[in-house]
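Report on one structure; see the data block that follows.
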Amino acid sequence: MKFFIEKLAAHSLAERTVCWVKHWVDGWSQRVVVNGAKSSWQLVTSGVPQGSVLGSFLFNIFIDDLDKDISGSVDLPSARSFGPLTITFRVLPSERMIVKKNPFVQAGGCYRPPHCLARYKSAILVAYRNQEKYLHHLLYYIHPFLQRQQLSYSIYLIQQVGNGTFNRAKLLNVGVREALKDEDWDCLLLHDVDLVPENDYNLYVCDEYYPKHMASAMDKFKYILPYKSFFGGVSALTPEHYMKMNGFPNTYWGSGGENDDIATRIQLAGMKIVRTSPHLGRYKVMDYSEEMETQDEEATQPWDDGMNSLEFKLLSRTKHPLYTNITVDIGYVPPFS
């Protein structure tokens, strides 16, 4: 039991609590009963006593580092995943703090699990402009979140030069093209900068057959879908899915309409939307009451344009400590409406 008590102390439990548990487990005996036949009582000298309210809690502490020196592929949430998370935006984390908390993240926001071979490679793509508060909160939560899932991943910020109307759809097309130059990604995560996942059992990997909507339960919509075909917030597509539906249309200026268009494209490409279950796909939305842009133009019909007609000028590509920043000139930008 000495090893178990040392583990309790290492988890910063109060000295009195550790002492109480030590006295509780000291001298503990167990026996096995099968079909009425009973073994003799045996003193428990290791492990965690079962059959008590505290048993499962103590067991989780006891096995917490079993994967520490194990190499191999993983297909399930890490033993270190927490499930439901407590998310708060009261304190704005600095970039220095986030870097310090993520020592294994390499330049460009790249991470490879140091003790195992990741089964999945995911690219996180964020269309971004002048939302530093949102970005810091997202990076603070998303890096540990992805690392607990033992993913190999990189985070990309795609920025539009100038002060014209924002075009999220075209920036995501740019992000996909640029990210695929770096790696043969298994999954492309299209992620709004103002959303943070609330459960790390929400695996950031793609469905094998269909595009997956991850943000199936946002707090601003009272954790229900605003409408049946909603595909906004966070979504996961394989490169094959993305190319099959020709990506996003390039002519959406402002916010909102591209998500309805992409849902139509998925259907026309012979696919359907699958969703993360609502109890896992919960997201908290940041709100700093920033003015929203409205859409300037009518939506183009599906297939009119997309990845096959994408044109842009790459201005810079910079590896920051927590992400790769891609700045582009996407051509004509209408003024704010």
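From a predicted model like this one, the values you see are computed outputs, not experimental measurements. The figures that follow rest on heavy atoms only: side chains count, while hydrogens, waters and symmetry mates do not. Counting begins at 1 with the first residue of the sequence.
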Pair listing, disulfide bond (SG atoms under 2.5 Å apart) test, anchored in residues 128-210, at least two apart: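 Those involving residues 128-210 are C187-C206.
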Greater than 12 external heavy atoms within 6.0 Å of Y153's OH: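 Counting other residues, nucleotides and ligands, OH of Y153 exceeds 12 neighbours.
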Test item: side-chain donor near acceptor, D192 and Y134, under 3.5 Å: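 Result is no, nothing qualifies.
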Side-chain donor-acceptor pair present, Q159, N325, cut-off under 3.5 Å: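 Judged by distance alone, the side chains do pair up.
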Short question: side chain of [X], backbone of [Y] - any donor-acceptor pair under 3.5 Å?
X	Y	value
D219	V285	yes
D305	P249	no
K121	E183	no
D186	S122	no

Pair H213 + F230: ring centers closer than 6.0 Å: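 Distance test on ring centres: under 6.0 Å, yes.
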side-chain contact (heavy atoms from CB on, under 4.5 Å) between K220 and D287, worked out: CA-CA 10 Å; K220 75 173 183 179; D287 182 13; over 6 Å; no
In Å, rounded to the nearest 0.5 Å, how long is the span from [atom1] of [X] to [atom2] of [Y]?
X	Y	atom1	atom2	answer
Y204	F145	OH	CZ	5.0 Å
C110	Y156	SG	OH	6.0 Å
Q150	R119	CD	CZ	14.0 Å
D200	L85	CG	CG	4.5 Å
L151	R112	CG	CZ	10.5 Å
I266	H241	CD1	NE2	9.5 Å

Criterion side-chain contact (heavy atoms from CB on, under 4.5 Å) on E178 and I158, from CA distance to verdict: CA-CA 10 Å; E178 290 298 311; I158 308 94; over 6 Å; no
Which atom of K212 lies closest to which atom of L203, heavy atoms considered: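 So the two residues come closest at NZ-O, 3.7 Å.
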Joint hydrophobic cluster, M214 plus I224, side-chain heavy atoms closer than 4.5 Å: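 As far as the 4.5 Å side-chain criterion goes, I224 and M214 are not connected within one cluster.
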Plane angle bin for Y242 and F248 - parallel if under 30°, tilted between 30 and 60°, otherwise perpendicular: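 Correct class here is tilted.
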Taking the side chain as every heavy atom from C-beta outward, state whether [X] and [Y] have any pair of such atoms under 4.5 Å apart.
X	Y	result
P211	M271	yes
I155	L322	no
V91	M97	no
L171	R129	no

D182/R317 ion pair, N-O < 4.0 Å: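 Salt bridge: yes.
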